Q: 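Below is one structure. I have some questions about it.
Quick caveat: nothing in here was measured; it's all calculated off a predicted structure. We name chains A, B, ... by the order of the sequence lines, and we start the count at 1 in each one.
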Protein chains: 4
Amino acid sequence: MPVTNDKLIIAGREFDSRLMVGTGKYADFQQMVRAIEVSGAQIITVAVRRVNISDRSKESLLDHIDLKKYTLLPNTAGCYTAEDAIRTCRLAREAGLSDFVKLEVLGDEKTLFPNNEELLKAAKVLIAEGFTVLPYTSDDPIICKKLEDMGCAAVMPLGAPIGSGLGIRNPYNIQIILETVKVPVIVDAGVGTASDAAIAMELGCDGVLMNTAIAGAQDPVAMAEAMNLAVRAGRLAYRAGRIPRKLYATASSPLAGLIA
Amino acid sequence: MPVTNDKLIIAGREFDSRLMVGTGKYADFQQMVRAIEVSGAQIITVAVRRVNISDRSKESLLDHIDLKKYTLLPNTAGCYTAEDAIRTCRLAREAGLSDFVKLEVLGDEKTLFPNNEELLKAAKVLIAEGFTVLPYTSDDPIICKKLEDMGCAAVMPLGAPIGSGLGIRNPYNIQIILETVKVPVIVDAGVGTASDAAIAMELGCDGVLMNTAIAGAQDPVAMAEAMNLAVRAGRLAYRAGRIPRKLYATASSPLAGLIA
Amino acid sequence: MPVTNDKLIIAGREFDSRLMVGTGKYADFQQMVRAIEVSGAQIITVAVRRVNISDRSKESLLDHIDLKKYTLLPNTAGCYTAEDAIRTCRLAREAGLSDFVKLEVLGDEKTLFPNNEELLKAAKVLIAEGFTVLPYTSDDPIICKKLEDMGCAAVMPLGAPIGSGLGIRNPYNIQIILETVKVPVIVDAGVGTASDAAIAMELGCDGVLMNTAIAGAQDPVAMAEAMNLAVRAGRLAYRAGRIPRKLYATASSPLAGLIA
Amino acid sequence: MPVTNDKLIIAGREFDSRLMVGTGKYADFQQMVRAIEVSGAQIITVAVRRVNISDRSKESLLDHIDLKKYTLLPNTAGCYTAEDAIRTCRLAREAGLSDFVKLEVLGDEKTLFPNNEELLKAAKVLIAEGFTVLPYTSDDPIICKKLEDMGCAAVMPLGAPIGSGLGIRNPYNIQIILETVKVPVIVDAGVGTASDAAIAMELGCDGVLMNTAIAGAQDPVAMAEAMNLAVRAGRLAYRAGRIPRKLYATASSPLAGLIA
């Protein structure tokens with residue numbers, strides 16, 4: 001593949017940026033707008049529950065996002081059952097937000113890990129109803145394969161718990177997921193700093209989604225720019241073909257995993 | 001410190017780029033020139049032994065580098081004794097290359113680790129002779145402190161063996177070096193891919209020097225661009241102030257090193 | 001808790017050893033018997049499919065195991081559906097093997113990751129039928145909590161894929177599982193060498209189950225002894241209360257996760 | 001090599017135990033004596049400065065150590081120059097302690113990293129005076145080779161800073177040292193818990209020396225036993241020949257260092 005003309009394609013839509021960003025936890029809308037802008041992201045995820053859908057006379061997050069410029073990806077943050085997540089997606093569609101959805105069904109309030117059983121149920125219903133489903137899930141190749149087989153447009157395994165900033169805790173599982181599915185693999189959750197995003201891309205992931213890492217940084221706008229650069233750096237490095245790891249340059253063979 | 005106006009200052013000279021690159025191992029000069037250009041580097045290191053100093057009628061590496069645009073940093077690659085390294089620096093100065101030197105005194109041909117005893121001897125002599133010395137050394141805070149005390153303009157600890165591509169193998173030592181010296185700390189050797197460079201910068205290092213990671217990549221020009229972006233990403237992330245690492249977002253305290 | 005009198009208790013049964021071992025992949029039964037003996041294990045897992053249940057006139061694995069000395073833990077290795085795993089457990093009980101079962105429902109033949117949806121279904125049925133169920137599962141706290149709530153006697157998250165020898169790839173998830181469930185947590189799969197087993201115990205796990213790491217070693221009997229020692233070492237170290245990790249001894253605070 | 005008859009040989013002396021322990025930081029002599037006993041160590045290091053050599057009428061550390069049972073290894077803890085370390089060793093010999101010495105020359109009080117330049121000077125003098133020198137040094141293969149060439153009986157690279165409990169921070173360097181020298185390689189400093197000691201042995205090191213990890217644990221005697229078991233576990237695992245690391249068991253080749 002040539003290094004140029006490197007588009008991310010999800011469900012037939014093309015994107016130049018491989019970074020997707022959230023809209024929560026910013027000090028104010030101005031900061032959010034500025035951070036999103038310098039991030040270079042084209043896909044913006046919003047929690048349907050946080051958007052003021054019913055009463056459009058009040059100020060809403062959506063008033064601050066240029067919908068001609070960005071692709072909105074409504075998400076079901078805060079849903080703990082399939083039923084709840086399905087209802088939330090339907091609401092988003094009825095309100096005209098999008099039928100492109102980031103499906104989250106959470107397992108508990110403490111860790112925000114996904115409840116994959118409920119996720120599978122919700123994904124099945126939503127796909128049947130014509131939604132384009134991007135599911136947030138575990139770094140579990142079996143679940144990812146089921147989600148792909150069911151018709152999800154991408155899989156979004158976590159790198160680490162939401163908001164933890166721990167980075168890609170198990171690159172081995174991400175590697176296996178990349179060997180297992182053909183749909184885009186987008187790391188969702190866990191990124192803490194720029195190198196974490198670069199690592200996700202160097203593994204061969206198709207994209208990265210983050211919110212807290214940017215919005216929670218001391219300077220969110222500077223961190224947004226760092227992430228913009230890091231995702232591009234990681235993708236380029238992946239495509240450029242890195243040198244092999246060796247114990248030292250004159251070693252006769254690449255490092256064969258003798259040291260973890 | 002403001003995120004803007006973030007210059008690297010070495011011995012009073014200001015640089016916008018924090019990436020320094022080598023000139024060896026490229027397929028040809030054209031590839032080298034193009035890679036250096038997209039890397040955004042302003043400091044270019046050349047092995048004095050590889051420059052054709054004596055017979056300027058033949059084609060030389062230097063014919064391909066725009067000396068108005070780049071700061072040349074002659075290095076003593078291939079020297080195994082203080083005496084040899086000192087002689088090489090003097091030759092570089094006599095040939096008009098520069099008195100800004102990257103001082104390498106190697107310990108063996110297999111690993112290319114530095115011989116720090118000889119390095120200290122050579123640095124002492126060269127500083128007395130007015131050279132601006134940037135020494136390649138181990139990730140050893142005691143040696144780095146000695147080099148600073150002696151008058152070196154920066155310290156250049158290795159991240160991993162030259163050409164190994166192993167990245168920053170001991171970020172703890174780099175962290176201690178950053179606490180110990182006030183001169184710029186530039187990671188020299190070991191970088192394999194973009195995230196390695198970003199990690200060096202996120203630790204708080206002042207710059208990164210690399211050669212094999214770019215020249216040895218399958219597509220050196222693409223990798224040079226990746227490194228350009230990665231160094232900027234890592235620096236910005238460092239200055240933006242990352243979120244703390246936690247076991248999960250609702251954990252009451254940052255991760256206290258319970259897990260290595 | 002006193003360091004002495006440290007029993008592993010599963011479903012009311014007490015064990016002195018926290019190492020559980022498998023019976024597959026040995027060169028011959030003699031090697032297997034000797035390795036099990038020096039491992040100090042008291043719980044031995046056997047694949048029901050590999051035991052010759054129907055024709056007891058032929059030589060069987062079970063002829064070599066002293067059932068007065070060891071607790072047999074039949075497992076459902078090779079089952080890919082809940083139905084299949086349930087049938088296998090019933091067969092084991094009918095043949096008089098045990099109603100203590102290690103429940104495996106695999107997701108694919110390549111990675112041998114668990115199929116957690118099918119696992120939950122099988123566990124529910126088997127618990128209702130009076131089996132004591134120890135399920136092999138992912139390092140997923142949500143699944144582990146469901147298995148506990150359902151009545152499983154322990155949870156057995158994988159450290160890494162079966163037979164991979166990669167060790168505990170995500171100690172963070174194991175840590176969260178330990179915070180989440182009250183039943184014993186036994187790391188099952190992934191151990192490659194002695195330190196991996198020690199690490200599992202140091203995290204606070206209640207036990208470790210392994211097969212390939214011992215049977216596949218160049219000297220399985222020596223490795224069995226190593227694992228015996230390592231599990232005891234790790235458990236003792238956990239209970240002895242290790243020193244905090246610091247960047248250096250005189251640092252004022254434990255390492256706060258600044259470096260991953 | 002057979003797994004049995006596995007002696008550690010230093011300067012012609014044979015030892016069954018590969019764990020060496022210190023004598024500092026215990027609550028009292030009784031605790032120290034008990035911890036040393038259960039550690040199984042045969043070589044005990046004592047700081048010459050802490051032994052009351054001049055006035056033998058007062059209680060001394062040495063009154064509590066059975067010199068028929070243990071080999072005393074006086075050390076030069078607290079020395080910051082070659083001169084000081086040499087004088088300390090001479091004092092130890094004059095007092096009849098031993099001419100087997102653990103040579104430490106520290107670089108600073110904060111990190112307790114070695115000052116390798118001074119170390120080399122001291123080692124040269126002491127070897128010429130007939131001492132058997134075991135030097136505490138960096139994980140630097142070039143320094144280790146110089147120490148071996150000079151006549152040191154072993155090399156003792158640090159795993160991490162003294163008292164840090166960080167474990168083997170750079171196993172790659174330890175691996176290179178093991179390839180580089182023929183004298184015993186004993187990891188000295190950095191061990192925090194049992195698995196750290198096991199890892200050192202699994203890399204192929206000949207022994208491990210520790211003090212804080214045991215004396216600073218909440219239950220030093222239990223930790224001493226853990227370390228006894230861990231060192232034996234790691235050594236046995238090393239000799240037993242571990243299974244290769246693979247991404248999953250059916251992968252066609254061992255993991256080739258694609259993931260750090």
Q: Is the side chain of B/Asn228 donor-acceptor paired with the backbone N or O of B/Val38 at a distance under 3.5 Å, no angle test?
A: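 Between the backbone of B/Val38 and the side chain of B/Asn228 there is a qualifying donor-acceptor contact (under 3.5 Å).
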Q: Is B/Ile162 close to chain A through its backbone or its side chain, or both, or neither, when contacts mean heavy atoms under 4.5 Å?
A: backbone
Q: If we define contacts as heavy-atom pairs under 4.5 Å, which of A/Gly192, A/Ala198, A/Ala230, A/Ala197 has the most with chain B?
A: A/Gly192
Q: Specify which of B/Val221, B/Thr212, B/Leu112 makes the most heavy-atom pairs with chain A at under 4.5 Å.
A: B/Thr212
Q: Which of the residues A/Met227, A/Gln218, A/Glu109 is involved in the greatest number of heavy-atom pairs with chain B at under 4.5 angstrom?
A: A/Gln218
Q: For B/Pro220, is it the side chain, the backbone, both, or neither that has a heavy atom closer than 4.5 Å to a heavy atom of chain A?
A: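 No part of it gets close to chain A.
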Q: Out of B/Ala160, B/Ala213, B/Gly216, B/Ala194, return the one with the most heavy atom pairs under 4.5 angstrom to chain A.
A: B/Ala194
Q: Who wins among A/Gly163, A/Gly190, A/Gly241 for the most heavy-atom pairs under 4.5 Å with chain B?
A: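 Ranked by contacts with chain B, first place is A/Gly241.
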Q: Do B/Leu134 and B/Val101 have side chains that get closer than 4.5 Å, going by heavy atoms?
A: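 No - every pair of side-chain heavy atoms lies 4.5 Å or more apart.
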Q: Let's test your reading of the structure: which of B/Pro161, B/Ala215, B/Ala237 forms the most heavy-atom pairs below 4.5 Å with chain A?
A: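 With the most close heavy-atom pairs to chain A, the winner is B/Ala237.
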Q: Which of these passes side chain to side chain donor-acceptor pair (under 3.5 Å) with A/Thr137: A/Asn115, A/Asn116, A/Asp188?
A: A/Asn116
Q: Okay, side chain of B/Gln175, backbone of B/Pro171: is any donor-acceptor separation there less than 3.5 Å?
A: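 Checked: no pair found.
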Q: Looking at B/Lys110, B/Met223, B/Met201, which makes the most heavy-atom pairs under 4.5 Å with chain A?
A: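 Option with the greatest count: B/Lys110.
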Q: Quick check against the 3.5 Å criterion: does A/Arg18 have a side-chain atom that pairs as donor or acceptor with the backbone of A/Lys7?
A: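 Between the backbone of A/Lys7 and the side chain of A/Arg18 there is a qualifying donor-acceptor contact (under 3.5 Å).
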Q: So, B/Thr76 side chain and B/Cys79 main chain: donor-acceptor pair closer than 3.5 Å or not?
A: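 It does not hold such a pair.
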Q: Hey, does the side chain of B/Glu104 reach the backbone of B/Asn75 with a donor-acceptor pair shorter than 3.5 angstrom?
A: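 Not a single qualifying donor-acceptor pair exists.
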Q: Given the options A/Gly167, A/Ala217, A/Ala226, which has more heavy-atom pairs under 4.5 Å with chain B than any of the others?
A: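 Max contact count across the listed options: A/Ala226.
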